[in-house]
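Every chain is numbered from 1 and lettered A, B, ... according to where its sequence line falls, protein lines coming before strand lines.
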Amino acid sequence: MSFMFTVSPDFTPDHLSGWYIFNTWIQRQTDTAIHLEMYNDFQSQREAIKNDQIDLIYANPFDAAMLVRDKGFQPLVKAVGESDEAIIAVNAENSVEDVVHLAEGIKVAFTEDPDVHMMGMIMLEPGDLDASNITPVLSDTYVLVAKHLLRGEADVGIFLAEAYDGLSSMIKKQLRVLVRSQISVIHHSLMIGPNLLDKKEQFQKVLVDMNADEKGQGVLKSLNFTAWEKVEDDEMEFMIDLMDTLSM
Amino acid sequence: MINDMKAEDIVGEYKEVTLDLYQSISRKVLYTEVETPYPDGKLIVSTTTPDGVITHVNQSFIEMSGFSENELIGAPHAILRHPDMPPAAFQDLWDTVNRGDKWQGFVKNLRKDGGYYWVKATVIPNIRNGELVAYTSVRRKPSRTKVDECIKLYPTLF
């Protein structure tokens, strides 16, 4: 029997091959047959979760509540030093200096990444902006969010901080950051589903020890991570509660 | 444990008032008109026991409140209670979370130095295995328009 692994669709495209390498590595380490299935969007991934097709997932924090509470998933590990942060940016020529000066009706470009969108909208609240008084400009990628700003097709862009920082210096020169979140406790997590739970400790151990061997280090590097660290059930519950308060 | 505020901790001219907290504790509060603006992009996070005793605070909480972590852990959350906040607002908070619901509102918090800061607060009951084990409170930067509405509304609720 083969188990199914999937990755939150907001992964950086540069790391696509890294996830396939990781999948090969984890199969060898745990002697478990696992198929990696990549979904193009959150909707189709959630449909697969709903139909109990997924056994292992590198999950967006927004989906953690549903995975734990509705589907019986448990957290394994998170990448050391990584947290999800959001940025609100404008075209460098925009005279606005503060979110509070943004006007109702502005065009806001964002991707469908649920946690980044939520954090970005929270950062727009001090300007009395919410879903009811902005014009959304849904974009497939963060590069497209930047392009919308550069072309004047959007007034404000919501970025995953890591994606913004990874934009070319030529693009960044034409943009300006209004707010950068410093939340620190919202992060993606590798989570294990009910059909694989009897192997939880084995998976957790090989993942936590992964940076101790040369091959493991190479695989981590292909994902741009340095190491995995254990996520306790309590820590996951705390993050779920936090996401719960923020989605209000 | 909650102590009276001390004059040597206060920055600037202050007024003095005695607050009744939880209908049983009296606290001498010294407060000024100095506002600390809420920092962009940050969240203040804390956890309390079901009785409102602080068990966890994040760095933003420490920075904004002016208290050290040692002073906060074990103290009642009412250590932040500002005399301009109507008791009815907190009654509503406790009534709501005791029902197991989430509460959200705009709160003027008191700093250790007598100053204040406005927040948009959300409090949720933390249920584990069907039992209430704690409350988590997350504060974020409020809209100034909403704060201005509260500045007008709250004095009418006493």
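Taking CD from A:E237 and CD1 from B:I127, the interatomic distance works out to 11.0 Å, rounded to the nearest 0.5 Å. Taken from CD in A:Q182 to CG in B:N58, the straight-line distance is 11.0 Å, to the nearest 0.5 Å. Here the NZ-CG distance, from B:K141 to A:L124, works out to 12.0 Å after rounding to the nearest 0.5 Å. We find the NZ-CD1 distance between B:K120 and A:I122 to be 8.0 Å, quoted to the nearest 0.5 Å. Rounded to the nearest 0.5 angstrom, B:T122 OG1 and A:D241 CG are separated by 12.5 Å. With rounding to the nearest 0.5 Å, the separation of OG in A:S181 from CZ in B:R140 is 13.0 Å.
Remark: A:K200 NZ is packed, more than 12 non-hydrogen atoms of other residues, nucleotides or ligands lying under 6.0 Å away. The number of heavy-atom neighbours closer than 6.0 Å to NZ of B:K112, taken from other residues, nucleotides and ligands shown, is above 12. For A:D140, the CG atom counts as loosely surrounded, since its 6.0 Å shell holds 12 or fewer non-hydrogen atoms of other residues, nucleotides or ligands.
Taking the side chain as every heavy atom from C-beta outward, B:R144 and A:V100 never approach each other to under 4.5 Å. Contact of the B:D40 side chain with the A:V99 side chain is not registered, since no non-hydrogen atoms from C-beta on lie closer than 4.5 Å.
Remark: of the listed residues B:I124, B:T136, B:N126, B:I124 is the sole one forming a side-chain contact (heavy atoms from CB on, under 4.5 Å) with A:D244.
For chain A, no part of B:V147 is nearby; none of its heavy atoms comes within less than 4.5 Å. Only the side chain of B:T47 has a heavy atom closer than 4.5 Å to any heavy atom of chain A. Neither the backbone nor the side chain of A:L129 has a heavy atom closer than 4.5 Å to any heavy atom of chain B.
Scanning all heavy atoms of the two residues, the minimum distance from A:F238 to B:R128 falls at N-NH2, 4.0 Å.
Of the listed residues A:V179, A:D128, A:V185, A:D98, the one with more heavy-atom pairs under 4.5 angstrom with chain B than any other is A:D128.
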